Q: 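Provided herewith is a single structure, encoded as structure tokens, for subsequent inquiry.
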Amino acid sequence: MELYKSQQLIIYNSLSNKKEDFVPLTEGYVGMYVCGPTVYSNVHLGNVRTFLSFDMIFRYFKHLGYKVRYVRNITDAGHLENDADAGEDRIAKKARLEELEPMEVVQQYTVDFHNVLNEFNFLPPSIEPTATGHIVEQIEIIKTILDKRLAYEVNGSVYFDVLKYNESEHYGILSGRNIEDAIHNTRALDGQSEKKNPQDFALWKRAQPEHIMRWPSPWGVGFPGWHLECTAMSTKYLGDQFDIHGGGMDLKFPHHECEIAQAQANKGVTPVRYWMHGNMLTLNGKKMAKSTGNNILPGELISGNNDILSKPFAATVARFFMLQAHYRSILDFSNDALEAAERGYFRLMNAVNALNNLRSSDTSSIDLAAWKQQCYDAMNDDFNTPILIAHLFEGVKYINQLKEGKATLTEADLKEFKETINAFIFDVLGLENVSVQDTSDKLSGVVEMLVKMRDDARANKDWALSDKIRDELQTLGIQLKDGKDGTTFSVN
RNA sequence: GGCGUCGUGGCCGAGUGGCUAGGCAGAGCUCUGCAAAAGCUUGUACAGCGGUUCGAAUCCGCUCGACGCCUCCA
């Protein structure tokens, strides 16, 4: 029997601002869409955090036995630099600056994005559509909205008529805004706007002559508005209404608000049942952002090549660090916090590595079923990974007790214990075990030889020699660990 | 100005109206020739002021502080 039948998941829905029982549209299947990156520069760790949250969510759904179609797009066009009429496509702007073909920029940063995700052990989404590959679909949606008179054309551009839409629907339903208030609180534009209302957003923009990313349309040559692409791609692959739409908190307004309005206008149905928003990763208490330079790149983390980092960190350590906070909480990035997470991570992995050496007994002194259910309860409660990790550390304690014979598990229980630990750590959290290093045979041989020499010296109470061997290996980054059953070593 | 979030012990970070989060650091202990490593044990807390309640870090109000969105943004 699939796990989801016995594990009831609760999800915090940003639309209702409440935790709700998760009931998919079709039993056993989950449709999930997450706004992907705009590929005009390298993704930073803040971006990674959001995608990581949804990677974990994707993984847990799969673990529960759901068949998941996870769609995460690549925004490679149609993303306005700003909403003024002089708006320029981000991709095109970058391309001109670097004198590259737009698709060359897209290619470069898409590859970077994928490399980063790979480094962080992300599962690939089921479909990764691009905006440029869905121009036709976007044009069709615009036509429909125009037919319904919820959009209007001006000078080769098409704008969504927010006020008209608001007559029958609620524009602002997701972000808790009221369109009337918004109008009164919007700083007056400089009178150049061709929009009826400042709140109106572009579905299609006319391309200026120098604009190099352009497509023909019924309204002339132009390019699609940013919000529209997500509507086109999500509904195309997941249906007019689907289960989950995710993204960063900063996309809630206007992006997701616009998505709801467009899709509702297009098909007469609200597109998403559960809206999920991941919170920001901050640096020095401020949101990481490309524009302000207040960010850290994944490459810098891994190389340690950044002033605030004292040393390089493995991607999986950063992953562990982020999962120690709840996805809906703001998390502040710092070297100290990362170092603390790293030590905890190693403790966890040390215990995992000891798992295979444990022996079973005739009886169990641990209530394994209760512990296991606590792990599920944590995840079932809106993906509470910090609580799950706390229970996994409880598991670490069990492992150490088993190792020392202070606790026992039957063969069946031990098997289940191992499976559960491995499932949560590697399948659900997606951590990788980097503490098991492949040291070359030659190096191992040399170190073991030295260990043997040191053992002899110790047997002869030649402390000077034994300490010398130990200290010099330490200097080389090889640490000897004297345990009960002899000496082992680890390479840093 | 509008909408919203948050303020937990040295640090990071969970949390249900009454019962231990967890990690890191600190302290003590075990192991050790001495260390290191590892393991065990363990203290300090809920921004401030009021209110509701038998009881609140957890609900309500106010004050202070921080942040997010309102323009591109994960």
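Letters A, B, ... are given to chains in the order of the sequence lines, protein chains preceding strands, and every chain is numbered from 1. Worth saying up front: this structure is predicted, and the values here are computed from it rather than measured.
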Q: Is A:Arg347 close enough to B:rC24 that one of its side-chain N or O atoms is under 4.0 Å from OP1 or OP2 there?
A: yes

Q: Measuring only between side-chain heavy atoms, which start at C-beta, is A:Ile11 closer than 4.5 Å to A:Glu20?
A: no

Q: Quote, to the nearest angstrom, the C1' distance that separates B:rG15 from B:rG50.
A: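 25 Å, rounded to whole Å.
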
Q: If we ignore angles and hydrogens, is there a donor and acceptor under 3.5 Å between the side chains of A:Ser310 and A:Glu339?
A: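 Distance-only check passes for A:Ser310 and A:Glu339.
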
Q: Using a strict threshold of under 4.0 Å (side-chain N to carboxylate O), is an ion pair present between A:Glu342 and A:Arg347?
A: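 Salt bridge: no.
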
Q: Any donor-acceptor pair under 3.5 Å linking the side-chain atoms of A:His134 with those of A:Tyr237?
A: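 A donor-acceptor contact under 3.5 Å links the two side chains.
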
Q: In the structure shown, which nucleotide is the Watson-Crick or G-U wobble counterpart of B:rU52, with both distances under 3.5 Å?
A: none

Q: Between B:rG48 and B:rU58, how far is it from one P atom to the other, in whole Å?
A: 10 Å

Q: If the cut-off is 4.0 Å, is A:Thr282 near the phosphate of B:rG68, judged by side-chain N/O to OP1 or OP2?
A: no

Q: Taking pairing as Watson-Crick or G-U wobble with both contacts under 3.5 Å, can you name the mate of B:rG68, or confirm there isn't one?
A: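 Pairing partner: B:rC3.
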
Q: B:rC62 and B:rG4: how far apart are their P atoms, nearest whole angstrom?
A: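 These two P atoms come out 13 Å apart once rounded.
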
Q: Look at A:Arg454 together with A:Asp482 and state whether they make a salt bridge at an N to O cut-off of under 4.0 Å.
A: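 The answer is yes: the pair qualifies as a salt bridge.
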
Q: In residues 390-401 of chain A, which ones come under 4.0 Å of RNA chain B, going by heavy atoms?
A: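 Of all residues in residues 390-401 of chain A, the ones placing a heavy atom under 4.0 Å from RNA chain B are A:Ala390, A:Phe393, A:Lys397, A:Asn400.
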
Q: When you compare B:rA14 with B:rG7, how far apart are their P atoms, in angstrom units rounded to a whole number?
A: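 Taking atom P in both B:rA14 and B:rG7, they lie 9 Å apart.
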
Q: Pick the P atom in B:rC19 and in B:rA25, then give their distance to the nearest Å.
A: 29 Å

Q: If we call it a pair only when both distances are under 3.5 Å in a Watson-Crick or G-U wobble match, what pairs with B:rG39?
A: B:rC29

Q: I want to verify a distance call: between B:rG13, B:rA74, B:rG39, whose nearest atom is closest to the A:Thr50 side chain?
A: B:rA74

Q: Using side chain to side chain donor-acceptor pair (under 3.5 Å), reason through A:His114 and A:Glu128 one step at a time and then give a plain yes or no.
A: CA-CA 11 Å; A:His114 287 149; A:Glu128 193 169 48; 2.6 Å; yes

Q: Side chains of A:Tyr60 and A:Asp55: is there a donor and an acceptor less than 3.5 Å apart?
A: no

Q: Picking from B:rC24, B:rA14, B:rG33, which would you name as closest to the side chain of A:Trp463?
A: B:rG33

Q: For A:Phe321 and B:rC11, give me the distance from atom CZ to atom P, rounded to whole Å.
A: 15 Å

Q: In whole angstroms, how far is the P atom of B:rG22 from the CD atom of A:Glu342?
A: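 My rounded result for the distance is 22 Å.
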
Q: With a cut-off of less than 4.0 Å, is there a side-chain N or O of A:Lys286 near OP1 or OP2 of B:rA66?
A: no

Q: Paired with B:rG10: which nucleotide, if any, by Watson-Crick or G-U wobble criteria at under 3.5 Å for both distances?
A: B:rC24

Q: Please determine if a side-chain N or O atom of A:Lys481 lies less than 4.0 Å away from the OP1 or OP2 oxygen of B:rU32.
A: no

Q: For B:rG61 and B:rC54, measure between their C1' atoms and round to the nearest Å.
A: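 Nearest-Å result for B:rG61 against B:rC54 at atom C1': 22 Å.
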
Q: Less than 4.0 Å between a side-chain N and a carboxylate O, is that true for A:Asp455 and A:Lys452?
A: no

Q: When you compare B:rG22 with B:rG39, how far apart are their P atoms, in angstrom units rounded to a whole number?
A: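 Here B:rG22 and B:rG39 have their P atoms 16 Å from each other.
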
Q: Would the distance check show the side chain of A:Asn460 and the main-chain N or O of A:Asp462 forming a donor-acceptor pair, the cut-off being under 3.5 Å?
A: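 No, A:Asn460 side chain to A:Asp462 backbone: no donor-acceptor pair under 3.5 Å.
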
Q: Between A:Tyr327 (OH) and B:rA14 (P), how many Å, whole number?
A: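 That distance rounds to 13 Å.
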
Q: Taking atom P in both B:rU63 and B:rG1, compute the distance separating them and give it to the nearest angstrom.
A: 12 Å

Q: Please say whether more than 12 non-hydrogen atoms of neighbouring residues, nucleotides or ligands are located less than 6.0 Å from CG in A:Asn17.
A: yes

Q: Does the B:rG13 base have a donor-acceptor partner in the side chain of A:Asp332 within less than 3.5 Å?
A: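 Side chain to base: no pair present.
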
Q: Between the base of B:rA38 and the side chain of A:Asp482, is there a donor-acceptor distance below 3.5 Å?
A: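 By the distance-only test, no, there is no pair.
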
Q: Check A:Glu472 with A:Lys468, please: is the shortest side-chain N to carboxylate O separation under 4.0 Å?
A: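 Counted as a salt bridge, because a side-chain N and a carboxylate O are separated by less than 4.0 Å.
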
Q: Got a sec? Which of residues 375-382 of chain A come in under 4.0 Å of RNA chain B, heavy atoms?
A: none

Q: Measuring from the side chain of A:Arg177 (C-beta onward, heavy atoms only), which nucleotide among B:rA14, B:rG2, B:rG33 has the closest atom?
A: B:rG2

Q: What's the closest nucleotide to the side chain of A:Arg470 if the choices are B:rA74, B:rC12, B:rC34?
A: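 Nearest nucleotide to the side chain: B:rC34.
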
Q: Given atom CZ of A:Arg49 and atom C1' of B:rG68, what is their separation to the nearest angstrom?
A: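 Result: 13 Å.
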
Q: Base, sugar-phosphate alone, or nothing: which one does A:Thr488 contact when heavy atoms must sit under 4.0 Å apart?
A: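 Nothing, no nucleic acid heavy atom in range.
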
Q: To the nearest angstrom, how far is A:Met280 atom CE from B:rG68 atom C1'?
A: 8 Å

Q: Test your reading of the model: is there a side-chain donor-acceptor pair from A:Asp21 to the backbone of A:Leu9, 3.5 Å cut-off?
A: no

Q: So, OP1 or OP2 of B:rG15: does either fall under 4.0 Å of a side-chain N or O from A:Asn384?
A: yes

Q: Without decimals, in angstroms, what is the distance between A:Met322 CE and B:rG23 P?
A: 21 Å

Q: Should B:rC19 form a Watson-Crick or G-U wobble pair with both distances under 3.5 Å, which nucleotide is its partner?
A: none

